[in-house]
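Worksheet: the structure to be examined is printed underneath.
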There are 2 protein chains.
Amino acid sequence: MHNLEVGRSATISDVARRAGVSTATVSRVISGSTTVRATTRAGVLAAVEALGYRPSGVARSLKLRTTHTLGLVVTDIANPYFPQIVRAVEDAALERGHTVLLCDSADDPSREETYLDLLIDRRVDGIVIASSGLQARHGDWLATRTVPVVLVNCTARGAALPAILSDNRAGGRLAAEHVLDLGHRRIGHISAPPRNAAAGDRVAGIQDAVDSGRYPGVELTVVEGDGQAEGAEAATLALLERAPGVTAILCYNDLTAVGALRTLRGLGRRVPEDVSVVGYDDIPLAAWMEPPITSVAQQTSAMGRWAVERLLERMAGEDEPGSDRRQLGERSENVVLLPVELCVRGSTGPPPWA
Amino acid sequence: MHNLEVGRSATISDVARRAGVSTATVSRVISGSTTVRATTRAGVLAAVEALGYRPSGVARSLKLRTTHTLGLVVTDIANPYFPQIVRAVEDAALERGHTVLLCDSADDPSREETYLDLLIDRRVDGIVIASSGLQARHGDWLATRTVPVVLVNCTARGAALPAILSDNRAGGRLAAEHVLDLGHRRIGHISAPPRNAAAGDRVAGIQDAVDSGRYPGVELTVVEGDGQAEGAEAATLALLERAPGVTAILCYNDLTAVGALRTLRGLGRRVPEDVSVVGYDDIPLAAWMEPPITSVAQQTSAMGRWAVERLLERMAGEDEPGSDRRQLGERSENVVLLPVELCVRGSTGPPPWA
DNA sequence: CTGAAAGCGCTAACAA
DNA sequence: TTGTTAGCGCTTTCAG
């Protein structure tokens with residue numbers, strides 16, 4: 001009797017031997033090919049069952065030149081914004097039989113680079129990058145690779161990579177108009193480091209609202225935070241020092257808003273009676289705070305799903321003949337802009353004098 | 001001139017051809033073997049550079065029978081407790097040159113099963129399972145596989161899989177003693193569904209404190225929540241109905257505490273003046289709430305790190321001869337219990353009459 | 001110091 | 001309907 005070595009998992013040859021057929025036949029049974037006699041099939045299946053055989057994805061990948069694996073690079077999994085994207089990407093990937101190699105760059109560009117190399121080495125079928133601050137050189141480098149890449153809520157300067165973005169500029173404008181409509185005129189903004197592309201767009205949107213001419217006499221003060229609750233506390237203090245009269249603070253994200261809320265409370269300023277606060281991202285946390293935070297919601301899961309679909313579609317496309325279109329300038333359909341929505345909650349209200 | 005096909009990445013043969021050597025030599029250079037003449041090495045390196053060659057991890061995995069990939073199964077990535085584990089596991093894995101296949105079972109047992117199969121197929125080197133409710137059948141099944149598995153904060157009834165657990169019973173006791181010491185006597189507990197093993201242990205710990213004899217006249221009421229903020233609202237209402245006089249609520253986790261806080265506030269009950277609330281997990285969120293939530297902290301990152309180390313150590317061990325010890329009953333060193341710590345914050349205080 | 005050759009586990013012509 | 005064979009891209013004896 002032919003025993004398996006201990007610790008080794010069964011191979012297709014083991015199954016073939018046991019079933020008394022060739023490996024080709026086993027392969028046919030596994031892949032569900034119809035050109036197999038029923039009795040043969042049954043025999044193979046019995047052997048598969050008996051041996052607990054599961055085909056090696058590694059061998060299959062080598063042969064088929066596809067790993068059914070997607071790489072997902074995120075800036076910081078600990079930031080509640082990202083798990084939503086991860087979930088969406090994974091859902092979409094799993095539906096199509098793909099798994100996800102998660103790469104949490106932990107806000108470290110060099111780690112991000114390491115991961116990108118690793119993903120290439122692992123021959124993933126595609127890469128989704130949801131990084132708040134993709135380095136320009138990464139973009140250039142990525143554009144030279146053969147693996148399809150799509151960007152989620154970030155852009156690579158220069159390199160024309162397909163991307164799905166949320167309309168950050170509109171989001172900034174929406175937030176600003178909301179407090180301006182409420183009557184606020186001295187407003188502050190706590191932004192994020194400039195390597196974060198979204199930050200700039202949101203500031204631009206806020207500026208759009210200020211410059212629209214619809215709100216005379218607006219004073220806008222911008223300070224830089226770090227997108228974290230802790231960092232936002234110092235930023236809030238700095239803002240209040242530079243512009244003691246602000247009655248509304250627009251925050252780069254919800255975590256920043258949390259920090260602002262805490263700081264304001266510590267200073268004895270009531271929200272929203274004394275100061276209104278607006279967040280961004282509408283993570284679950286926003287609704288849980290006291291007061292619940294008014295926030296700009298992005299279509300996070302749509303973004304993740306779109307990214308995966310785009311990737312798989314692109315992979316399929318590359319099989320087609322004469323598919324050298326990668327060399328052509330990518331067209332504008334490659335960038336999708338998703339609308340945002342303002343969720344008004346308890347952290348905003350009219351200014352004290354209104 | 002020998003051109004590469006478009007869209008295909010360079011292989012070791014491409015490099016060999018270009019450098020005018022055999023693939024064996026290229027392989028030696030890549031692996032840093034010293035037995036290569038300097039000039040030859042230089043030539044190979046030049047070819048590697050020119051072609052942008054990166055060795056295929058897939059082919060290497062097939063040959064070397066190791067993928068340098070770990071599977072990580074989590075119950076719900078959207079639950080803020082898990083990203084911390086993910087981060088820790090990934091950190092430890094990356095340090096040792098491994099990548100992580102993330103599997104978010106999204107609280108769906110059948111999806112978890114699908115993922116486990118997928119991980120086996122992908123021939124991951126090991127699997128870390130951080131699932132709140134591992135099914136018994138999964139455990140049995142896992143025990144039959146050759147791939148090393150370690151459990152984080154969960155156990156598989158029957159199957160003797162190595163596990164790292166946080167001392168949930170001690171945590172429950174700690175939380176209970178805290179409010180009992182403050183003078184509370186009518187206390188409530190919002191637990192989690194029984195498939196969650198930790199939930200039972202925490203209840204037991206609370207019961208330990210109650211039964212210790214140190215606190216006479218304690219009344220404990222337990223209701224079941226779902227570990228989510230939303231579900232906790234109904235559970236809090238149910239608790240208050242069954243035991244209107246409770247002055248302290250111990251929660252299964254911080255998310256549950258958030259829900260309790262909101263509900264109490266809605267009812268006009270002040271925290272901690274009227275009712276004290278204790279959370280569990282000490283996720284960042286706990287400190288951000290108003291009032292900040294007193295919570296039991298687990299050593300999350302230590303758990304993730306330990307899991308990976310255990311896995312890799314086990315993988316190394318399997319190469320050794322006569323390593324049939326898997327058949328022997330696993331010994332108790334296979335289960336590690338990590339201590340917990342109580343973080344006292346503003347959500348707990350003496351009962352109203354004290 | 002270097003090359004030839006075998007083989008990891010699988011699939012896909014091509015024959016039979 | 002089934003088997004034979006040739007690789008996928010790499011590493012690793014074993015010769016030279």
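So you know, we letter chains A, B, ... as the sequences are listed, proteins then strands, and number each from 1. For the numbers below, each heavy atom of this structure counts, side chains included, while hydrogens, waters and symmetry mates do not.
Backbone-only contact: Leu64(A) has heavy atoms under 4.0 Å from sugar-phosphate atoms and none from a base. Contact annotation for Val58(A): no contact, since no heavy-atom pair falls under 4.0 Å across all strands. Val26(A) comes within 4.0 angstrom of nothing in the nucleic acid, heavy atoms only.
Between dG3(C) and Ser22(B), a contact under 4.0 Å exists linking OP1 or OP2 to a side-chain N or O. Contact between the side-chain N/O atoms of Thr11(B) and the OP1/OP2 oxygens of dG9(D) is not found at any separation under 4.0 Å. OP1 or OP2 of dT2(C) has at least one side-chain nitrogen or oxygen of Thr40(B) nearer than 4.0 Å. Contact annotation: Arg28(A) does not reach the phosphate of dT2(D) (side-chain N/O to OP1 or OP2, under 4.0 Å). For the OP1/OP2 pair of dG9(D) and a distance below 4.0 Å, the side-chain nitrogens and oxygens of Arg65(A) include at least one atom meeting the criterion. Checking the phosphate oxygens (OP1, OP2) of dG9(C), no side-chain nitrogen or oxygen of Arg60(A) falls inside 4.0 Å. Listed pair Ser56(A) / dG9(C) fails the phosphate criterion, with no side-chain N or O lying under 4.0 Å from OP1 or OP2.
For the pair Arg122(A) CZ and dC8(D) C1', the computed distance is 18 Å after rounding to whole Å. Between the CD1 atom of Ile12(B) and the P atom of dG7(D) there is a distance of 18 Å, given to the nearest Å. Whole-Å rounding puts the Lys63(B) NZ to dC8(C) C1' distance at 6 Å. As rounded to whole Å, 12 Å separates atom P of dC10(C) from atom CZ of Arg54(A). Spacing between atom NE2 of His68(B) and atom P of dC10(D) amounts to 15 Å, rounded to whole angstrom units. Rounded to whole Å, atom C1' of dC8(D) lies 12 Å from atom CZ of Arg123(A). The nearest whole Å value for the distance from the CG atom in Asp121(A) to the P atom in dT11(D) is 11 Å.
Contact between Arg122(A) and Gly97(B) at its shortest, heavy atoms only, is NH2-O, 3.9 Å.
Annotation: the span from Ile127(B) atom CD1 to Ile120(B) atom CD1 amounts to 4.5 Å, rounded to 0.5 Å.
Inter-residue side-chain proximity for Arg17(A) and Leu51(A) is flagged as unmet; no heavy-atom pair is nearer than 4.5 Å. Counting heavy atoms from C-beta outward, Ile77(A) and Ile77(B) have side chains that approach closer than 4.5 Å.
For a distance-only test at 3.5 Å, the side chain of Arg8(B) fails to qualify as a donor-acceptor partner of the base of dG9(D).
Distances from the side chain of Leu62(B) to the nucleotides dC10(C), dG9(C), dT11(C) place dG9(C) closest. Looking at the side chain of Thr25(B), the nearest of the listed nucleotides dG9(D), dG3(C), dT11(C) is dG3(C).
The nearest heavy atom of DNA chain C to Thr35(B) and to Ala24(A) marks one nucleotide each, and the one closer to the 5' end goes with Thr35(B).
Counting only N and O atoms by type, the side chains of Asp125(A) and Thr67(A) include a donor and acceptor under 3.5 Å apart.
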